[in-house]
Each structure stands twice: as C-alpha cells, then as structure tokens.
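Each ligand, and each atom within it, is numbered from 1 in the order the structure gives. This chain uses plain numbering: 1 for the first residue, then up along the sequence. Remember, predicted model here, so these are calculated numbers, not experimental data.
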Amino acid sequence: MKTLVVSNQKGGVGKSAIVTQLAMYAVEKRNLRVLVIDSDQQGNSSKPLLKSGLVAAGKPFSEYLLNKGTTVPHADFVLLPGDPQLGKLEKNAAMHNTIATNFRHLLASVDNDFDLCIVDTNPFPDIRLTAALVSAQYVLSPIQLNQEAIDGIAKLRADIANVQATLNPKLKMIGLLPNLVLPTPFQKNNLRDLAQHFSNLLMKTPSGFAHVKERTAIAEAQSAGMPLYKIPKTSARDAYKELSEVFDHVLTAMEVK
Ligand SMILES: Nc1ncnc2c1ncn2[C@@H]1O[C@H](COP(=O)(O)OP(=O)(O)O)[C@@H](O)[C@H]1O
Ligand SMILES: [Mg+2]
C-alpha cells in the first residue's frame, strides 16, 4: 500500500475535492483498492464519499488514533470518516506519541488490504498532520495562484524538508498542484513565475505543468457526492479529462501497483 497525504495549511484550496475525486477515480477507473482517511473534523471528503454509496465506512477516525487495534472494514473501498473528536487531539499533548504510533500501526495493519491510502488533512498543522507525514511516503499540495499562496511555498517546502530530515527520510513531495486556476493574465503570470522559481515542485504532464482550472462541475460533483465522470455535462467531461491526466500522473509517480 502506498500512502499519499494531501496537505496545505490553507483551507479552500481543494484538498478535499482532490482526495474525493482521486479516490473514486482510483477505485472505479483504475481498479485499485483504496482507503481514504479523513483527518479533518470538517469531514469535507467524508460527506461526498458517504453520499456516493461507494464506500464502506469504518469507525470515526479519531477512534483509530486513540485506540490501537480499532478494526477496519474488509472492502475494496473504505473510508475512515472525519469526526468532531479530531479537533480536540491537539490539546491532548500526553497522547501525541500514542497518536503517532497508532497512526503508523493502522497503516501497517492494512498494508496488504489496499493499494492506495489517501489522507485528507485539516488546514492547520498539528499532531494529525505530523502523524500522517511521519508515516506516509508521498505528499501532494494543492495551492491557489494568488500572491499570498506563492509567498507561502518556500515555507511549505521548508516544512516538508524538515519532516524529511528529522522524522521521515522516505517522504517524497509529488508536487504542488495549482487548483481553482482562473484564465486571468494575473494567474497565468503567477503560474509562469512559479514554474520559473519552483519548477522542480510542479508536476510535468504531457500537456504542460499540471494544474486544475476552476470548474463549476467539480464543485457540483462534490456536493452531489459523485465522481466527475458521472456528471452528464460537457463541462464535466472537459474537467474530467484535465483531472484524470493529473491523477494518472500522481498514481504513476507513486508507483501504485
Ligand atoms: N477546481 C475546482 N473548481 C471549482 N470548484 C472547486 C475546485 N476545487 C475545489 N472546488 C470547490 O471549492 C471548495 C473548497 O474546496 P475543498 O476541497 O473543500 O478545499 P480544502 O479541502 O482545501 O479546504 C469546495 O466547495 C469545492 O467543491
Ligand atoms: Mg478540506
């Protein structure tokens, strides 16, 4: 099993949308066995996945972090849903080591049951994110192309480098994924600047640097709890074409099955 953490300290950049759509794509189009872990108490990937009817739901994710040995359902597509308790773990400093150990134990215990584990994360760095980054092999960071986000990239890179140096030398940055990209000159320039300064952090796909445009079909798919490819609209087909190319790149980079 390969584990991907989808992380960025900013909210609203599309982490949960990427997690949800990648998971459904990997199961239905690539025939992979997928475990989704929603470590955000907002549950923004849990809601659409539960609505989709495609997943078997395990216990609320905080139970796995607090109790070693909480069992995972036997199925090819499983969700461990986000729950309100997750927001309280940071204050429970006495449990932090246990939480990190239990996360690692959970992943090890299902290593043969899934091909891919995708972890959705909360916007603020805390023990949940640290525990995920310590035990995962890959990280993907959706970003938006505004100045503030671009200014934050050096810090994001330093944070990942710090985890690699101290806690998990095996962690690989798959890359930054500009999302919600608008066809404005400002954003086009920002993407060009980004490519110049951080080209090694961007994913190169057959059609250039990977990015995902702002597409209402993606927001619609998320609120309907559906994969993009089941939304019967031309705009959804275009969005799917773009997104599936990005997903193929991510899965190839992770050497999933
Ligand atoms: N490429 C996109 N085009 C249009 N809407 C998007 C896109 N990516 C995400 N969204 C929508 O933007 C909102 C925020 O995305 P979300 O995945 O919840 O972000 P995060 O998990 O980073 O907080 C959601 O309503 C989501 O459906
Ligand atoms: Mg989210």
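Exactly one residue among L86, D83, L89 makes a side-chain contact (heavy atoms from CB on, under 4.5 Å) with Q41. That residue is L86.
Looking only at side-chain heavy atoms (C-beta outward), V110 and M1 come within less than 4.5 Å of each other. Counting heavy atoms from C-beta on, the side chains of I150 and L194 come closer than 4.5 Å.
Taking distance alone, with nitrogen or oxygen atoms compared against 3.5 Å, D120 stays at or beyond that limit from ligand 1. Considering backbone and side-chain N/O of E214, none are found under 3.5 Å from N/O of ligand 1. In terms of polar-atom proximity, defined here as any N/O pair under 3.5 Å, V13 does make such a contact with ligand 1. Distances between N or O atoms of A17 and those of ligand 1 include at least one value under 3.5 Å. At least one N or O atom of K213, backbone or side chain, sits closer than 3.5 Å to an N or O atom of ligand 1. On a distance-only criterion, K10 and ligand 1 share no N/O pair closer than 3.5 Å.
For atom 20 (P) of ligand 1, a protein heavy-atom neighbour is present inside the 4.0 Å cut-off. Less than 4.0 angstrom separates atom 13 (C) of ligand 1 from none of the non-hydrogen atoms of the protein.
R215 has a carboxylate O that lies under 4.0 Å from a charged side-chain N of E242, or vice versa, which qualifies the two as a salt bridge. A salt bridge links E148 with K10: the distance from a Lys NZ or Arg NE/NH1/NH2 to an Asp or Glu carboxylate oxygen falls below 4.0 Å.
Near Q222, meaning under 4.0 Å from one of its heavy atoms, ligand 1 places the atoms 27 (O). The atoms of ligand 1 that sit less than 4.0 Å from any heavy atom of G11 are 23 (O). Within ligand 1, the atoms closer than 4.0 Å to a non-hydrogen atom of V212 are 1 (N), numbered from 1 in the order shown.
Within a 6.0 Å sphere centred on CG of N97, heavy atoms belonging to other residues, nucleotides or ligands number 12 at most.
L107 CG to Q137 CD: the interatomic distance, rounded to the nearest 0.5 Å, is 8.5 Å. Separation of atoms OG (S223) and NZ (K51) is listed at 6.5 Å; rounding is to 0.5 Å.
Closest to atom 7 (C) of ligand 1, if we only count protein heavy atoms, is L180 CD2, 3.4 Å. For atom 8 (N) of ligand 1, the nearest protein heavy atom (residue, atom name, distance) is N179 ND2, 3.1 Å. For atom 3 (N) of ligand 1, the closest non-hydrogen atom on the protein side is R215 N, 2.8 Å. For atom 25 (O) of ligand 1, the closest heavy atom belonging to the protein is A219 CB, 4.7 Å.
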With side chain to side chain contact (heavy atoms under 4.5 Å, CB included) as the test, would you mind laying out the steps for F186 and T184 before giving the verdict?
-> CA-CA 5 Å; F186 176 70; T184 62; 4.0 Å; yes

Mind running ring-ring contact (aromatic ring centres under 6.0 Å, His included) on F247 and Y240 for me, showing each step along the way?
-> CA-CA 10 Å; F247 290 163; Y240 173 61; 8.4 Å; no

In a table with atom names and distances, give each donor-acceptor pair under 3.5 Å that connects a side chain of residues 27-36 to protein atoms at least two apart or in another chain.
residue : atom : partner : partner atom : Å
E28     : OE1  : Y229    : OH           : 2.8
E28     : OE1  : K230    : NZ           : 3.1
E28     : OE2  : K230    : NZ           : 3.2
R30     : NH1  : D248    : OD1          : 2.8
R33     : NE   : D115    : OD2          : 3.3
R33     : NH1  : N112    : O            : 3.1
R33     : NH1  : D113    : O            : 3.4
R33     : NH2  : D115    : OD1          : 3.0

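Because the distance cut-off is set at 2.8 Å, Q42 fails to qualify as a neighbour of the Mg ion (ligand 2), as none of its N, O or S atoms comes that close.
Comparing heavy-atom distances from atom 23 (O) of ligand 1 across P142, G12, G14 singles out G12 as nearest.
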